[in-house]
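A quick write-up on the structure given underneath.
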Amino acid sequence: MGYAVAPHHSGVYPVHVQLYEAWKKVWNIKITSTEEYPHLKPARYRRGFIHKNIMVLPRQTCGLFTHTIFYKEYPGGPKELDKSIQGGELFFTVVLNPISIFMTHLSNYGNDRLGLHTFVNLANFLQTWTNLRLQTLPPVQLAHKYFELFPDQKDPLWQNPCDDKRHRDIWSKEKTCDRLPKFLVIGPQKTGTTALYLFLVMHPSILSNSPSPKTFEEVQFFNRNNYHRGIDWYMDFFPVPSNVTTDFLFEKSANYFHSEEAPKRAASLVPKAKIITTLIDPSDRAYSWYQHQRSHEDPAALKFSFYEVISAGPHAPWELRTLQKRCLVPGWYASHIERWLMYFPPFQLLIIDGQQLRIDPATVMDEVQKFLGVLPHYNYSEALTFDSRKGFWCQLLEEGKTKCLGKSKGRKYPPMDPSSRAFLSGYYRDHNVELSKLLHRLGQPLPSWLRQELQKVR
Ligand SMILES: Nc1ncnc2c1ncn2[C@@H]1O[C@H](COP(=O)(O)OS(=O)(=O)O)[C@@H](OP(=O)(O)O)[C@H]1O
């Protein structure tokens with residue numbers, strides 16, 4: 001039938017990857033169910049999800065457990081069970097859920113046959129007192145029906161298993177929740193995030209993830225499909241901290257900033273994490289991003305000039321429109337930050353002026369340390385030096401040597417042409433006004449580039 005039930009819920013949620021793999025490989029299981037996602041109570045919030053092509057349906061509780069085998073010994077007396085069936089909790093569970101899934105123990109069908117008593121009476125009562133037409137389907141069809149009805153539930157939303165005692169208890173003894181970040185550097189791209197990353201890992205108490213073979217220092221978990229690999233995959237990128245209180249694990253993925261999914265997913269897994277974003281003039285960001293695409297030999301970026309990309313109209317070729325969107329949308333700063341603020345309180349968010357990070361990183365890093373509450377205080381004025389050959393601030397090594405970012409950061413390219421600059425000033429005007437209002441509301445100073453742009457509006 002392709003349906004499996006895991007003993008004592010273990011491994012279905014929070015997900016135990018090996019179980020899903022064995023189900024698929026050995027028994028070709030397609031469906032299971034759990035009471036635990038996202039949480040045992042209240043039952044009406046239980047949802048389904050699909051993980052590794054296995055459909056997990058939310059399961060309801062009927063009041064029969066291993067210790068409730070005999071009618072006469074039902075906790076609180078048999079009347080309690082009959083009450084639940086006849087208009088009480090069990091009745092409402094079925095009335096309020098379009099699809100109800102129950103699992104009861106074999107013992108409830110043996111002995112006193114309490115399972116049969118419960119469900120036969122429940123069906124009779126429903127048929128007598130409601131107009132509901134009860135239907136049943138085999139598991140595979142039922143699961144398809146479920147996700148047809150609730151397509152938005154297909155994507156799971158992972159939570160920290162240690163935030164819930166039941167989840168922690170049914171997870172695995174070998175696993176720890178200490179390998180999760182205390183803060184995230186979310187981008188946007190081309191605003192100096194790699195420099196920030198380099199400076200952060202210089203701090204003795206700050207530890208980053210290990211590199212990914214595909215996306216280098218970035219894990220890119222919350223924004224796209226890596227999320228579906230599950231939290232074990234994510235946690236494996238992080239070291240086990242030697243001291244959970246004083247060590248600060250973090251990751252930076254510059255695509256998180258404008259991702260629709262990332263704030264919600266991050267808030268679900270690491271709700272207490274601090275969030276750091278760096279902003280530069282969105283026009284400069286767009287231009288730097290375009291240059292980045294050209295040096296990665298993106299065919300559309302090589303084919304079209306910057307002005308053609310930013311000014312392309314609705315009837316422009318698809319490749320040009322796609323490139324334009326990717327180039328311009330991350331610069332809608334206020335909208336993206338508002339989305340993060342839907343899920344994280346303002347005191348967990350730090351907005352860094354990327355221009356200041358570039359010219360005066362030590363001051364910015366002092367601010368970052370204060371925001372994170374990380375100790376000991378690290379003296380970046382001594383640890384960083386301006387490298388005139390690179391034209392940027394770099395890490396100072398022994399004997400006056402420097403460790404700077406590679407060629408792909410701080411590229412040499414011609415300045416932006418005036419017509420593109422004028423076009424983008426207009427394009428980002430409203431977004432920048434919104435950003436100034438947002439910063440005002442948060443009680444944060446306006447970066448100098450934003451003040452200059454706002455002067456153009458007057
Ligand atoms: N110290 C230091 N060293 C090198 N580069 C620095 C530094 N501080 C800020 N910047 C600016 O960072 C820009 C690259 O930004 P990101 O690291 O966020 O780019 S990426 O999204 O990770 O590709 C990069 O953009 P480009 O100048 O367009 O290459 C730099 O201007």
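Remember, predicted model here, so these are calculated numbers, not experimental data. Both counts, for ligands and for their atoms, begin at 1 and track the order of listing.
- Here Asp247 does not pair with Lys182 in a salt bridge; the nearest charged N to carboxylate O distance is not below 4.0 Å.
- When only non-hydrogen protein atoms are considered, atom 27 (O) of ligand 1 lies nearest to Gly410 CA, 3.5 Å.
- Each of the following atoms of ligand 1 lies closer than 4.0 Å to a heavy atom of Ala195: 1 (N), 2 (C), 7 (C), 8 (N).
- The pair Glu21-Lys24 does not meet the salt-bridge criterion, since no charged nitrogen lies less than 4.0 angstrom from a carboxylate oxygen.
- For the pair Tyr380/His203, a side-chain contact is recorded, criterion being any heavy-atom separation below 4.5 Å from C-beta on.
- Atoms of ligand 1 found under 4.0 Å from any heavy atom of Tyr413, numbered from 1 in the order shown, are 26 (P), 27 (O), 28 (O).
- Nearest-residue assignment for atom 23 (O) of ligand 1 (options Gln395, Lys409, Arg411, Arg358; heavy-atom criterion): Lys409.
- Remark: ligand 1 atoms within the under-4.0 Å shell around heavy atoms of Leu405 are 3 (N), 4 (C).
- With respect to atom 13 (C) of ligand 1, the closest heavy atom belonging to the protein is Gly192 N, 3.9 Å.
- The closest approach between any non-hydrogen atom of Lys190 and ligand 1 is below 4.0 Å.
- In this model, a donor atom of one side chain and an acceptor atom of the other lie less than 3.5 Å apart for Tyr146 and Gln153.
- Looking only at protein heavy atoms, the nearest one to atom 25 (O) of ligand 1 is Ser288 OG, 3.6 Å.
- Shown are Val368, Ile206, Leu200; of these, the side-chain contact (heavy atoms from CB on, under 4.5 Å) with Val374 is made only by Ile206.
- On a distance-only criterion, Thr193 and ligand 1 share at least one N/O pair closer than 3.5 Å.
- A donor-acceptor pair shorter than 3.5 Å can be found between the side chains of Ser172 and Glu174.
- Heavy-atom proximity to Lys252, at under 4.0 Å, picks out these atoms of ligand 1: 22 (O).
- In the vicinity of Gln189, heavy-atom distances shorter than 4.0 Å reach the ligand 1 atoms 21 (O).
- Within a 6.0 Å sphere centred on CD of Glu319, other residues, nucleotides and ligands contribute more than 12 heavy atoms.
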